[in-house]
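From a predicted model like this one, the values you see are computed outputs, not experimental measurements. Residue numbering restarts at 1 for every chain, and letters A, B, ... go by the order of the sequence lines.
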Amino acid sequence: MQAAAEKKVLLKVDHLKQYFPVKTDSLFKPKAYVKAVDDISFHLYEGETLSIVGESGCGKSTTGRAILRLDEPTGGKVFFSGQNILDLNKKEMRKLRGDLQVIFQDPFASLNPRQTIKQILNEAMAIQNVVEKPNRMSRMLELLGYVGLPAEALDRYPHEFSGGQRQRIGIARALAVNPKLIICDEAVSALDVSIQAQILNLLKKLQHQFQLTFLFISHDLSVVRHISDRVMVMYLGKVVEIADKKALFDSPLHPYTQALLSSIPVPNPTLKRERIMLKGDVPSPINPPSGCRFHTRCPFATEKCKAEEPALREMGEKHFVSCHYAEKFR
Amino acid sequence: MIEKNKPILEVKGLKTHFSTKRGVSKAVDGIDFTLHKGETLGIVGESGCGKSMTSLSILRLIPSPPGKIAGGQILFKGKDLVTLSENEMREIRGNEISMIFQEPMTSLNPVIPVGEQIAEALRLHQKLGRKAAWDKAVEMLKLVGIPSPEKRAKQEPFQLSGGMRQRVMIAMALACTPEVLIADEPTTALDVTIQAQILELIKDLQSKLGMGVIMITHDLGVVAETCDTVAVMYAGNIIEHAPTDKIFEHPKHPYTQGLLDSLPKIHEDQEELRTIEGSVPSPYHFPAGCRFASRCPFQQPICHEKQPELLEQKDGVKVRCWMYTDQWTGPVGKKEAVK
Amino acid sequence: MMMMFIIRRLMQTIPVVVGVTFVVFFIMQLVPGDPAVLLAGEGASKETIQAIREQLGLNRPLFVQYFDYLMNVFRGDFGVSLKNSQPVLDEILVRLPITMELAFFSIIFTIILGMTAGIISAIKPYSLTDSTVMIIALLGISLPSFWFGLMMMYFFSVKLQILPVAGWDSILHIILPALTLGAGGAAIVARMTRSSMLEVIRQDYIRTARAKGLRERVIIYKHALRNALIPVITVVGLQFGALLGGTVLVESIFAINGLGRMIVDAIRMRDLPMVQGGVLVASLVFVIVNLFVDVLYRFFNKRIELN
Amino acid sequence: STKSNSGNETNGKKEEAKQGGTLTVVRLSDATKLDPHFITDIPSANIIYQKVYQGLVVPDKDFKIQPLLAKEWKIVNDTTWEFKLRDDVTFHDGTPFNAEAVKVTFDRLLDPKTQSPQREKFAMIKEVKIVDDYTVQLLLEYPYAPLLSILASQEGSIISPKAIKENPENLAKLPVGTGPFVFEDWKSGQEISLKKNDKYWGKKPNIDRVVFKVVPEDTTRLAMIETGEAHINDQVPVTEIERIEASNTMGLYRTEGLAVEFLGFNVKKKPFDDVRVRKAISHAIEREAIIKGVYNNVGTLANVAMSPKVFGYSDKVKPYSYDLNEAKQLLKEAGYEKGLEITLLTSDRKERVNMAEVIQSQLKGIGVNVKIQVMEYGAFIEMLNNGEHQMVINGWGNATGDGDYNQYNLFHSSSQGPAGNHFYYSNPNVDKLIDEARKETDESKRLKLYEEVMQKEMDDAVYIPIRNYEHLAAYNKNVSGFWLNAANYLMIDDVVIK
Amino acid sequence: MSLEAKTEQSAIITQTISHPKESKFKDGLSILLMNKAAMVGAIIILFYILIAIFAPLLAPYDPYDIKLENKLLPPSADHLMGTDDKGRDILSRILYGSRLSMGIGITAVIFGAFFGIIFGLIAGYYGKWIDSTIMRIMDILLAFPGILLALAIISALGPGLMNVTIAVGVYSIPLFARIVRGSTLEVKRLEYIDAIRSLGANDGTIIFKHILPNILSPIIVQGTLRLATVILSAAGLSFLGLGAQPPSPEWGTMLSNGRDFLFSAPYIAIFPGLAISILVLGFNIFGDGLRDAFDPRMKK
Ligand SMILES: Nc1ncnc2c1ncn2[C@@H]1O[C@H](COP(=O)(O)OP(=O)(O)OP(=O)(O)O)[C@@H](O)[C@H]1O
Ligand SMILES: Nc1ncnc2c1ncn2[C@@H]1O[C@H](COP(=O)(O)OP(=O)(O)OP(=O)(O)O)[C@@H](O)[C@H]1O
Ligand SMILES: [Mg+2]
Ligand SMILES: [Mg+2]
């Protein structure tokens with residue numbers, strides 16, 4: 001789905017910051033923070049899928065949680081349908097939650113083991129009061145139909161289902177309240193490839209059916225490529241590149257994106273690629289490197305990268321990169 | 001460079017069963033493969049198909065009870081490991097056959113400096129003195145690319161990052177220059193960029209040391225990049241065993257075909273992914289026939305009656321499927337149709 | 001770094017200790033019984049009692065009394081006993097070492113016996129030895145300590161006459177009380193050691209050690225035990241706290257002049273400054289022991305984050 | 001055997017023995033303070049009384065008053081008593097004992113600034129007048145017959161005037177008297193030791209030292225006696241008598257005491273404001289069963305709230321007979337024929353709790369349902385002082401051995417509450433008689449007065465007398481020569497350790 | 001052993017958190033049935049419960065009936081466990097006493113668990129200053145030498161069954177609070193809690209409907225082990241003379257009464273002592289078994 005210019009912005013994240021205080025040993029030193037998300041901005045169009053990729057700990061989940069206000073962000077604004085949801089009080093927020101849903105990674109941990117599927121779905125509808133009581137049963141059956149589960153599933157407990165089935169239940173729960181935006185945090189990472197495929201297909205199908213908008217968080221680039229319209233790459237709490245899927249996969253501009261893409265093992269033994277090997281480990285987000293946060297591992301880093309933090313610049317049609325030398329990599 | 005065709009490890013009809021209160025779980029149920037010197041054998045398959053149990057069986061490290069090697073042979077340089085005494089087995093572990101585990105976080109002893117964890121194996125197997133073993137350990141750390149290894153050797157695992165810990169595991173496994181290295185999902189817990197480093201390292205060391213490697217993973221990408229041959233496991237069996245390129249080009253078994261099709265292709269756009277319907281049979285009650293039969297798009301009555309053998313085809317590929325036998329009565333044309 | 005941790009933890013104990021004094025103070029106000037009456041003794045008139053009360057400063061408003069007390073404590077002045085007008089601190093300084101000595105020997109006993117039994121059990125789990133040791137341990141936990149103590153006294157001191165009955169003069173005097181006090185703890189430590197060992201033996205790194213070809217003995221003592229001890233340390237620490245509570249009974253039975261008995265006597269005499277001082281010191285000891293345990297814990301398990 | 005000092009030491013020099021050695025006495029609780037003017041508890045008093053401190057006079061085994069520091073005395077008139085003092089006595093600190101010492105001691109006691117809780121006992125003394133170095137006169141406010149008995153009590157101890165002048169505070173932990181033992185050391189909560197006074201004016205004790213050890217647990221104390229770790233235990237539970245008697249290392253010492261135990265009614269509280277109910281209960285208690293069943297026949301059946309050893313005792317006053325029919329009848333008259341719920345308060349002393357249980361079971365017979373309320377001593381006293389109880393098991397120590405201390409405190413209406421009248425009894429006739437008896441100097445008249453007042457109290461059924469105390473001590477058979485006086489003080493002047 | 005044996009609570013925390021991978025409870029139950037030790041424990045407890053229920057039918061004599069002429073009779077055919085110092089039948093008293101002793105234990109544990117659970121849930125769920133405040137208060141309770149706390153409480157409230165129960169119950173509060181808080185922290189992190197939060201559920205629903213049911217297993221395990229300790233503690237308090245009011249046949253009181261006859265008529269103390277030990281043993285074994293049953297790792 002190529003986004004037309006008049007596409008409506010559903011979610012706009014503006015200078016979002018999420019710092020977590022960490023305990024220090026010193027009494028006197030100032031408090032240290034994990035700058036899990038450090039001043040990022042992006043937006044989502046209605047009906048599209050934006051993916052966030054990046055290595056473990058770069059702040060993907062934190063971004064999702066901040067948008068959902070599962071953790072209170074440290075700073076910034078999150079506009080949903082034009083309204084800054086960070087300004088809402090607890091009650092208003094609870095009401096709005098029907099529009100924002102989430103599907104988590106762990107199909108085992110994301111369902112209360114002591115509730116039947118019926119109770120799970122019923123509760124979701126009851127909390128948001130989206131369906132009148134008498135109609136709930138038929139709605140539940142409808143939901144099960146969407147996610148491809150049989151009606152008998154209703155009276156069973158989560159542990160009686162396989163991982164893939166549980167993930168479907170999670171999806172049904174999210175759908176139960178008629179959301180506009182669904183955040184999928186590693187929604188398929190824990191699943192075996194064959195089941196992963198089923199869930200990916202399902203998500204795509206439902207997106208079409210209900211005009212859903214997805215914020216899709218994953219570190220699996222092949223999955224991301226399959227499902228997204230646009231992709232955002234994060235590194236240590238910062239956005240390093242954001243672009244249409246095609247642009248990003250075909251002509252990544254940030255050295256980190258390039259390295260990331262080249263690191264993915266491809267299930268094709270005939271395809272021998274030139275790999276960009278990164279040296280070292282991801283630095284700690286407590287003391288992120290100065291300047292460009294990637295400079296410690298970047299094969300092209302210069303003194304400038306060490307000293308100066310690059311801005312997110314538009315380098316092509318909706319293709320934003322934060323690298324001083326992005327032009328060079330075109 | 002290395003003479004590749006000398007078999008060092010032959011697994012024949014290996015069965016590892018778990019007797020639990022719920023019954024007997026046939027985690028590994030009669031698998032055969034041969035590993036040659038310098039070769040990398042990949043074992044792939046979905047979660048729970050018995051990959052780890054296969055590797056643990058080779059070192060006789062399955063948790064026992066409830067696990068038990070219920071049959072078969074593991075021939076290492078002609079000796080059957082299954083029949084060795086515990087003492088003889090200890091001589092082999094960490095010395096001639098080593099193992100790298102999946103979880104670098106939990107597989108290192110949290111309270112012992114990593115250098116010591118490497119050195120103790122050296123002292124044991126190579127009869128090195130304290131100092132010599134330590135120096136060798138530091139050298140190993142250097143070999144696996146850990147910066148300032150002297151310092152790191154004295155640290156405990158929690159002071160190292162995940163990637164470094166996995167390197168330590170590798171250094172530990174390779175310290176006594178084993179002939180066989182078993183890597184059980186060595187990179188699953190790591191980030192892609194780190195994974196790339198580690199895989200590169202293993203490949204590199206293999207070519208230097210010439211050992212046979214068993215690479216266990218469920219990531220077909222990893223297999224494609226590192227392995228010479230691949231064994232695909234399904235429900236305790238090997239269902240296909242072939243050179244890597246053959247598997248990826250012409251997967252024979254319907255399961256292998258399904259598996260490859262479910263992967264999103266990074267270089268092409270698809271609206272929908274293929275999937276394999278149904279689910280894996282419980283290891284407590286395997287069906288009488290082919291274990292994949294109920295999910296197989298080509299299933300025939302015979303598939304439900306009797307289990308097919310793992311048979312070598314003309315092109316050298318071994319596959320466990322009735323389709324490739326003369327008992328097959330279904331449409332032959334469909335064999336490749338899925339592709 | 002460890003220093004900082006200790007200092008911070010010590011600072012955290014201040015509110016706890018102040019809270020303890022506060023609770024003691026107000027509980028003691030609720031306790032019926034007037035120290036002045038108890039001091040005045042049989043047949044004293046109301047006037048006498050009033051005079052005593054005045055002399056002790058018990059007529060002042062409660063908050064004034066409490067606040068004064070607190071201020072004095074911060075100055076290191078624990079007040080004087082209502083009973084005999086002696087400085088509370090002097091009394092505590094006599095009693096505390098005795099109780100600590102008792103607790104120390106008990107905990108040593110607890111550790112040695114408990115860990116040995118636990119390891120023996122864990123090496124061959126589900127064997128006859130294991131079951132026997134564990135049944136004894138369970139019995140140890142289930143016996144009322146005062147009963148156990150008296151029985152041992154009867155057997156070893158009265159019947160066999162190999163140990164003294166009571167008092168606190170020689171090493172021989174220490175054995176029975178320490179045994180009585182430590183028995184339950186030893187049983188708990190034994191069980192903890194066992195389960196912790198069994199737990200550790202299931203860990204991945206033990207598998208790694210096996211994969212290296214190490215001997216079982218090395219695996220148990222070098223790889224497993226060190227890790228298994230970490231939770232045991234916590235239990236020992238908690239056990240130490242429990243011991244402090246248990247000293248009251250043991251000190252009574254064996255006529256040991258310790259802190260626990262001092263506090264109980266003081267409660268009976270409604271000797272508030274003494275109760276305050278005693279409980280304050282006892283809780284301080286508890287807190288410090290737990291701090292010490294935390295430090296040890298951190299030492300053994302550096303992966304544990306602060307807090 | 002254990003390495004207790006007494007065991008080895010004495011066994012070693014068995015033959016010559018008779019001299020020296022350390023006597024170990026085990027006791028329930030520690031002393032609180034050792035200043036006679038401030039002591040209010042027996043454990044404290046027991047340590048110094050007749051050991052460190054001595055008074056002008058002393059009661060003998062029959063509780064008859066005998067001379068001690070005073071050689072003789074005479075009653076000059078109703079309110080003037082004159083004492084001739086010994087001239088060969090010195091205090092432990094070297095100060096000579098004389099009239100000055102007596103005056104300083106009593107002046108301190110009587111000075112309100114001293115705030116002695118014992119002051120009131122001596123409130124009748126107006127002045128101590130020094131006649132000459134070895135003669136003093138006590139001038140009284142009003143005639144007070146039992147004066148000698150209070151002088152003989154531990155409160156009447158004569159303290160070194162030097163110690164009083166120099167550092168009176170210190171007396172609480174460092175007693176300085178004239179007695180046969182000199183204070184040595186006090187390990188708070190653990191033990192107090194005294195050593196032989198080599199300069200003692202009278203017959204010097206046999207033993208070198210005496211140690212009072214605190215051993216709170218009954219069983220432990222006895223075990224220590226049994227093994228020889230200690231010599232004397234003067235707080236023995238009655239339940240252990242058989243065991244002591246059966247043992248071949250232990251002996252049992254028994255002696256009559258001054259104290260009595262009784263069941264008291266709170267006459268201000270319903271239903272005991274009705275004398276019929278009190279009488280009904282009195283008829284329903286089978287007292288003999290208690291003496292035998294609970295007390296193992298330790299002590300004797302009391303007929304009044306005064307023991308036979310106390311001056312003023314009369315055996316003519318008879319308690320109510322055990323008569324259940326009468327009891328039921330009385331209850332019916334009082335309107336409680338359908339039964340009655342009452343609470344019985346007792347302190348947590350074991351024998352008393354046992355007694356409460358027996359009383360509970362006895363009263364069940366007349367349809368009285370008793371709820372037992374066991375209180376720890378402090379709370380117990382508080383309840384009594386606030387008059388919150390209905391019925392209580394209590395006792396009275398009678399430390400002076402004189403009827404006044406008994407009757408005035410227990411029954412005089414001005415003693416209601418803390419002073420001892422926990423019956424909250426108030427009878428003007430009784431008050432009058434007690435006041436009279438207090439001033440009467442003629443002994444036989446006093447006796448009559450007490451008999452009369454006790455009969456009145458009995459008629460009002462204020463209490464049910466239960467038991468005259470008997471004091472018990474267990475001793476290891478290698479000691480002899482100690483005795484307990486009737487006020488339960490341990491006397492060790494003649495102790496010999498084998 | 002000591003009065004306040006804070007039994008292995010750290011172990012409980014780490015071992016029995018509900019990892020809601022499967023329905024812990026059902027699996028736990030079935031493993032429990034297979035765990036022989038736990039069965040033994042359960043049978044012992046059941047036995048005691050039956051005794052408590054049927055005490056009036058089983059007891060050969062009136063447990064309160066004082067017959068001084070029968071005092072201190074050794075065990076015989078008439079009195080299987082002998083008589084006490086007031087001639088009461090010890091067996092009958094023990095049978096009746098089971099109601100009291102178990103009553104104290106169970107009530108105290110429920111009392112402690114109730115407050116402990118509430119404090120623990122609130123502290124664990126809300127975190128931040130609420131957590132630190134509550135947990136500091138719990139620390140204060142815990143830092144009090146347990147028996148002294150009980151002593152003070154009983155002195156304040158007066159002795160008696162109810163107050164003993166409260167006293168030992170109060171001391172259980174911080175232990176439960178700690179465990180509940182720990183488990184809450186763990187469960188709170190689970191994704192289904194986030195999921196239910198993002199559905200807009202309020203805190204009450206989340207805490208009581210979604211967190212509490214999933215932390216029950218460590219609570220139950222702690223509860224049974226705590227029961228054992230509480231019964232012993234109550235006996236210890238009785239030993240100090242702070243227990244049940246006479247003539248109630250509470251075992252601790254009987255035991256402490258019997259210590260006067262420890263050497264002359266030991267059966268007076270031995271039988272109640274045994275009654276306590278065996279019951280405590282039962283709870284300990286049962287608690288252990290439960291812990292194993294709920295331990296997710298035992299199910300692999
Ligand atoms: N509640 C928290 N308190 C403190 N630090 C946190 C918290 N949540 C996340 N962090 C830290 O913030 C950083 C970003 O975490 P986040 O979970 O967003 O990473 P991620 O990109 O989702 O990683 P992964 O791929 O492993 O899920 C990490 O360093 C993490 O340790
Ligand atoms: N302790 C055990 N008791 C019973 N069955 C067991 C036990 N351990 C393993 N199994 C069985 O062995 C089978 C194979 O397990 P294995 O760990 O080898 O799978 P795997 O292929 O390595 O999976 P993964 O990719 O998840 O690591 C599982 O299906 C499981 O049922
Ligand atoms: Mg994440
Ligand atoms: Mg595996």
Exercise. Keeping the roles fixed (side chain from A/N201, backbone from B/E272), state whether a donor-acceptor pair exists under 3.5 Å.
Key: no

Self-check item: Point-to-point distance, once rounded to the nearest 0.5 Å, from OG1 of B/T193 to CZ of A/R297
Solution: 4.0 Å

Quiz item: For A/S56, is it the side chain, the backbone, both, or neither that has a heavy atom closer than 4.5 Å to a heavy atom of chain B?
Solution: both

Quiz prompt | B/D191 to A/E55 - nearest heavy-atom pair and separation | solution = CB-OE2, 3.0 Å

Quiz item: Does a donor on one side chain and an acceptor on the other come within less than 3.5 Å for A/S194 and B/R274?
Solution: no

Quiz item: How far apart are the closest heavy atoms of B/D219 and A/P265, and which atoms are they?
Solution: OD2-CG, 4.2 Å

Quiz item: Between the side chain of B/E225 and the main-chain N/O of A/V266, is any donor-acceptor distance below 3.5 Å?
Solution: yes

Quiz prompt | Region of B/L263 in contact with chain A, defined by heavy-atom distances below 4.5 Å | solution = side chain

Quiz item: Is any side-chain heavy atom of B/V223 less than 4.5 Å from a side-chain heavy atom of A/P267?
Solution: no

Quiz prompt | B/E277, part contacting chain A, at a heavy-atom distance under 4.5 Å | solution = both

Self-check item: Structural part of B/R167 lying under 4.5 Å from a heavy atom of chain A
Solution: neither

Quiz prompt | chain B contact via A/K205 - which portion, at a heavy-atom distance below 4.5 Å | solution = neither

Quiz prompt | From A/D192 atom CG to B/C49 atom SG, the distance as rounded to the nearest 0.5 Å | solution = 8.5 Å

Quiz prompt | Toward chain B, the part of A/L278 with a non-hydrogen atom under 4.5 Å | solution = both

